Amino acid sequence: MTKNIVFMLASFVVVLSSCSKDWLDEKPDISTVIPETLQDIQGLLDNASGIMNTNSPALAEIASDDFYVLESSYAGLAQNERNAYIRDKIDSYTQVSDWFGVGNKNGSYARVFYCNLALETLGKIKFDTPSDKETWDNLKGQALFQRSRTFYELAQVFANPYNPNTAKNELGIPLRVESDINIKSVRASVQQTYDQIINNLLEAKSLLPINALYKTRASKVSVYALLARIYLNMEQYENALKNADSCLALYNTLLNYNDLSSSASFPIQIMNNEVIFHSTMINYVSLALRVLIDDELYSLYDEHDKRKSVFFGSNANGRTFKGNYSGSRLLFNGLSTNEQYLIRAECYARAGKVPEAMADLNTLYRNRWDSNEAYIDLTALDADDALRQVLLERRKELLLRGLRWSDLRRLNRDPRFAITLTRTIAGETYTLEPNSYKYTFPIPDDIIEITGMPQNPGWER
């Protein structure tokens, strides 16, 4: 029964996410596909490769400075990829996979629909045994976690960075918290968006087991990890530290890169021991074979740093990236212990706790260092020096993980770390200044036309 439900709902989501007319206005008869049991709901939430753990937004990764493409390759990119790559709107901006999903059927808001359907069905199920109650709690926690991480990922693309002074008045994202397709989508504020995300995650934490049976499911550890990521980008460093520390207290395993085969096409296995929660970004096929790493970024790695051989390969066009935690060409954007060590180290540095910051940094770096060479612990002169070293390692360690865009958005507010990005295509240079309105992507044109939502400032026609 569960497989049929997943298949029929996948077809239903195609209708919901159709860009030819508002997916919220469609009114198909879904009475035959609504899940009825706890097993059915788990089946929906376990559709990992179809929708729940794939196709996270990726345009922001294209717009960041993690990679480049040759000018000869640029012309072969899809329209929205070209827009994102030069961080500008040169063509109409429609059928955006980050919003709709690949083929308009399996994107972020389709995942939100699944979660809402699961939550509403749980509200109708009565349980008679402690075992059923435990399963019920776990399923609700999973759905709340998945919806929250999806809202967060969308907010990194389509809403302004969180600023406590302006968040109540700035446009956030549509918060779809019901599966009823007759309810019109409206944009919440940035503050409402983050309140929804955090409150749901705190509720999920109280419902979930410490560890999940599979890394495609949520757990208390993954909630702590996601909260640490969110609070870091909100610049609430005390809360970020608290959650990263709670995460690492429960799970802190790191890979030793000396144990990996640098000659392998993709040396890092899927769902390896550093992974807390597995998810991947949209596989923009036209980009997959064109991504190259520039010499300036590559030069940041020490000659004895194993990441030079684990992360990077080469082809006829230049230096390539093979360090995906997906074990394939798919770009991993899930949660992992290495990110948590770096979050905690950054928060320690910002709090003036230099020994603690450097201890975390050295714990990570020792596992990246060639074991045939002596490792000398990194030291810092002061808190500012520690912070700079942590941010440098964050740049090197979390490459092509869907995190760089958010880092640029928050670090650009600090003059010490603000940078200007440029790309030149066909003799024309495109510049992205710190804190530009272009750090928030435009809502797709077809969504604006259908719903009447206000467009993000700077992108209005």
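Note that the structure is predicted; figures quoted are calculated from it, not measured. Side-chain atoms are counted along with the backbone in the values below, which use heavy atoms only and exclude waters and symmetry mates.
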Peer 1: Under 4.5 Å between any side-chain heavy atoms of Leu392 and Arg388, yes or no?
Peer 2: no

Peer 1: Between Asn239 (side chain only) and Tyr231 (backbone N and O only), is there a donor and an acceptor less than 3.5 Å apart?
Peer 2: no

Peer 1: Is the distance from the ring center of Trp99 to that of Phe441 below 6.0 Å?
Peer 2: no

Peer 1: Among side-chain atoms of Tyr284 and Asn80, is any donor-acceptor pair under 3.5 angstrom?
Peer 2: no

Peer 1: Taking Arg307 first and then Glu397, would you say they form a salt bridge - that is, a charged N and a carboxylate O separated by under 4.0 Å?
Peer 2: yes

Peer 1: Taking atom types as modelled, is there a side-chain donor on Asn138 or Gln142 under 3.5 Å from an acceptor on the other?
Peer 2: yes

Peer 1: Please report the closest heavy-atom contact between Glu61 and Leu400, naming both atoms and the distance.
Peer 2: OE2-CD2, 3.4 Å

Peer 1: Where is the tightest heavy-atom contact between Thr37 and Ile125, given as atom of each residue plus distance?
Peer 2: C-CD1, 3.9 Å

Peer 1: Would you find a donor on one side and an acceptor on the other, under 3.5 Å apart, between the side chain of Tyr301 and the backbone of Lys396?
Peer 2: yes

Peer 1: Decide, yes or no, whether a salt bridge links Glu238 with Lys242 under the criterion of side-chain N to carboxylate O below 4.0 Å.
Peer 2: no

Peer 1: Between Arg187 (side chain only) and Gly172 (backbone N and O only), is there a donor and an acceptor less than 3.5 Å apart?
Peer 2: yes

Peer 1: Compute whether any side-chain donor of one residue and acceptor of the other, for Ser326 and Ser328, lie under 3.5 angstrom apart.
Peer 2: yes

Peer 1: Establish, from distance only, whether the side-chain atoms of Gln156 and Asn233 form a donor-acceptor pair under 3.5 Å.
Peer 2: no

Peer 1: Could you give the distance from CG (Asn83) to CD1 (Ile62), rounded to the nearest 0.5 Å?
Peer 2: 10.0 Å

Peer 1: Give a yes/no verdict on a cation-pi contact between Arg176 and Tyr109, requiring under 6.0 Å between NZ or CZ and the six-membered ring centre and an angle within 45° of the axis.
Peer 2: no

Peer 1: Strictly below 4.0 Å, N to O, side chains only: are Glu120 and Lys124 in salt-bridge contact?
Peer 2: no

Peer 1: Are Tyr257 and Trp369 an aromatic pair by the rule of ring centers under 6.0 Å?
Peer 2: no

Peer 1: What do the steps show when you test Leu38 against Leu122 for side chain to side chain contact (heavy atoms under 4.5 Å, CB included), and what is the final call?
Peer 2: CA-CA 8 Å; Leu38 297 177; Leu122 284 169; 3.7 Å; yes

Peer 1: Nearest 0.5 Å please: distance from the CD atom of Gln192 over to the NZ atom of Lys168.
Peer 2: 10.0 Å

Peer 1: Is there side-chain contact between Ile443 and Thr451, with heavy atoms separated by less than 4.5 Å?
Peer 2: no

Peer 1: Out of curiosity, Arg87 CZ to Ser64 OG, how far, rounded to the nearest 0.5 Å?
Peer 2: 7.5 Å

Peer 1: Assess whether a salt bridge exists between Asp377 and Arg366, defined as any Lys/Arg side-chain N lying under 4.0 Å from an Asp/Glu carboxylate O.
Peer 2: yes

Peer 1: Test side chain to side chain contact (heavy atoms under 4.5 Å, CB included) on Arg344 and Leu241 and set out the steps.
Peer 2: CA-CA 5 Å; Arg344 189 169 70 177; Leu241 172 60; 3.4 Å; yes

Peer 1: Does a side-chain N-to-carboxylate-O contact under 4.0 Å join Asp305 and Arg368?
Peer 2: no

Peer 1: Any chance you could measure Ser261, atom OG, to Gln269, atom CD, to the nearest 0.5 Å?
Peer 2: 10.5 Å

Peer 1: Would you say the side chain of Val221 lies within less than 4.5 Å of the side chain of Ile210, judging by non-hydrogen atoms?
Peer 2: yes

Peer 1: Give a yes or no answer on whether the side chain of Asn362 reaches the backbone of Met358 with a donor-acceptor pair at less than 3.5 Å.
Peer 2: yes

Peer 1: Determine whether the aromatic ring centres of residues Phe321 and Phe67 are separated by less than 6.0 angstrom.
Peer 2: no

Peer 1: Is Leu361 close to Leu342 at the side-chain level, that is, under 4.5 Å between some pair of heavy atoms?
Peer 2: yes

Peer 1: Quick one, Met271 with Thr216, criterion side chain to side chain contact (heavy atoms under 4.5 Å, CB included). Give me CA distance, side-chain angles, the key distance, then yes/no.
Peer 2: CA-CA 9 Å; Met271 300 189 202; Thr216 51; 3.6 Å; yes

Peer 1: Distance alone, cut at 3.5 Å: any donor-acceptor contact between the side chains of Gln196 and Asn200?
Peer 2: yes

Peer 1: So does Leu331 get a backbone contact from the side chain of Asn324, meaning a donor-acceptor N/O pair under 3.5 Å?
Peer 2: no

Peer 1: Give the minimum heavy-atom separation between Leu45 and Ala143, together with the two atoms involved.
Peer 2: CD1-N, 4.1 Å

Peer 1: For the pair Arg395 and Glu296, find out whether any cationic side-chain nitrogen is under 4.0 Å from an anionic carboxylate oxygen.
Peer 2: no

Peer 1: Indicate the ring-plane relationship of Phe277 and Phe145, choosing parallel, tilted or perpendicular according to the 30° and 60° boundaries.
Peer 2: perpendicular

Peer 1: Flag the pair Glu274 and Arg401 as a salt bridge only when some basic side-chain nitrogen lies within less than 4.0 angstrom of an acidic carboxylate oxygen.
Peer 2: no

Peer 1: Please determine whether the number of non-hydrogen atoms from other residues, nucleotides or ligands lying under 6.0 Å from atom NZ of Lys353 exceeds 12.
Peer 2: no

Peer 1: Using the side chain to side chain contact (heavy atoms under 4.5 Å, CB included) rule, take Arg229 and Leu403 through it: C-alpha gap first, then chi angles, then the decisive distance, then the call.
Peer 2: CA-CA 9 Å; Arg229 178 186 288 182; Leu403 299 172; 3.5 Å; yes

Peer 1: Between Thr337 and Asn252, do the side chains contain a donor N or O and an acceptor N or O under 3.5 Å apart?
Peer 2: no

Peer 1: Among Asn456, Thr166, Thr440, find the residue that satisfies the side chain to side chain donor-acceptor pair (under 3.5 Å) test when tested with Asn160.
Peer 2: Thr440

Peer 1: What's the separation between atom CG in Asn272 and atom CG in Leu255, rounded to the nearest 0.5 Å?
Peer 2: 4.5 Å

Peer 1: Looking only at atom types and distance, does a side-chain atom of Asn47 sit under 3.5 Å from a main-chain N or O of Gly43, one as donor and one as acceptor?
Peer 2: no

Peer 1: According to the interplanar angle, ranging from 0 to 90°, do the rings of Phe332 and His278 count as parallel (below 30°), tilted (30 to 60°) or perpendicular (above 60°)?
Peer 2: tilted

Peer 1: Of the non-hydrogen atoms in Leu201 and Val223, which two are nearest, and what is the gap between them?
Peer 2: O-CG1, 3.5 Å

Peer 1: Donor-acceptor pair, distance only, cut-off 3.5 Å: does the side chain of Lys306 make one with the backbone of Asp370?
Peer 2: no

Peer 1: We want to know whether Asn412 and Tyr439 form a side-chain donor-acceptor pair, criterion being a heavy-atom distance below 3.5 angstrom.
Peer 2: yes

Peer 1: Is there a donor-acceptor pair under 3.5 Å between the side chain of Lys322 and the backbone N or O of Ser309?
Peer 2: yes

Peer 1: Where the side chain of Lys205 meets the backbone of Lys220, is there a donor-acceptor pair that is under 3.5 Å apart?
Peer 2: no

Peer 1: For the side chain of Asn55 and the backbone of Gly107, is there at least one donor-acceptor N/O pair under 3.5 Å apart?
Peer 2: no

Peer 1: Measuring only between side-chain heavy atoms, which start at C-beta, is Ile447 closer than 4.5 Å to Phe158?
Peer 2: no

Peer 1: Measure across Ala204 and Leu144 and return the closest heavy-atom pair with its distance rounded to 0.1 Å.
Peer 2: CB-CB, 4.0 Å

Peer 1: If we count only N and O atoms by modelled type, under 3.5 Å, do the side chains of Asn435 and Arg413 hold a donor and an acceptor together?
Peer 2: no

Peer 1: Within this structure, what is the OG1-CG distance for the pair Thr280 and Asn333, rounded to the nearest 0.5 Å?
Peer 2: 7.0 Å

Peer 1: At their closest point, which heavy atom of Gln340 faces which heavy atom of Ala228, and how far apart are they?
Peer 2: OE1-CB, 3.4 Å

Peer 1: Any side-chain heavy-atom pair from Ser108 and Asp98 closer than 4.5 angstrom?
Peer 2: no

Peer 1: Please examine the side chains of Arg147 and Val177, heavy atoms only from C-beta on, and report whether any two atoms are closer than 4.5 Å.
Peer 2: yes

Peer 1: State whether a side-chain donor-acceptor pair under 3.5 Å links Thr253 with Asn273.
Peer 2: no

Peer 1: Do NZ/NE/NH1/NH2 and the carboxylate oxygens of Lys126 and Asp132 come within less than 4.0 Å?
Peer 2: no

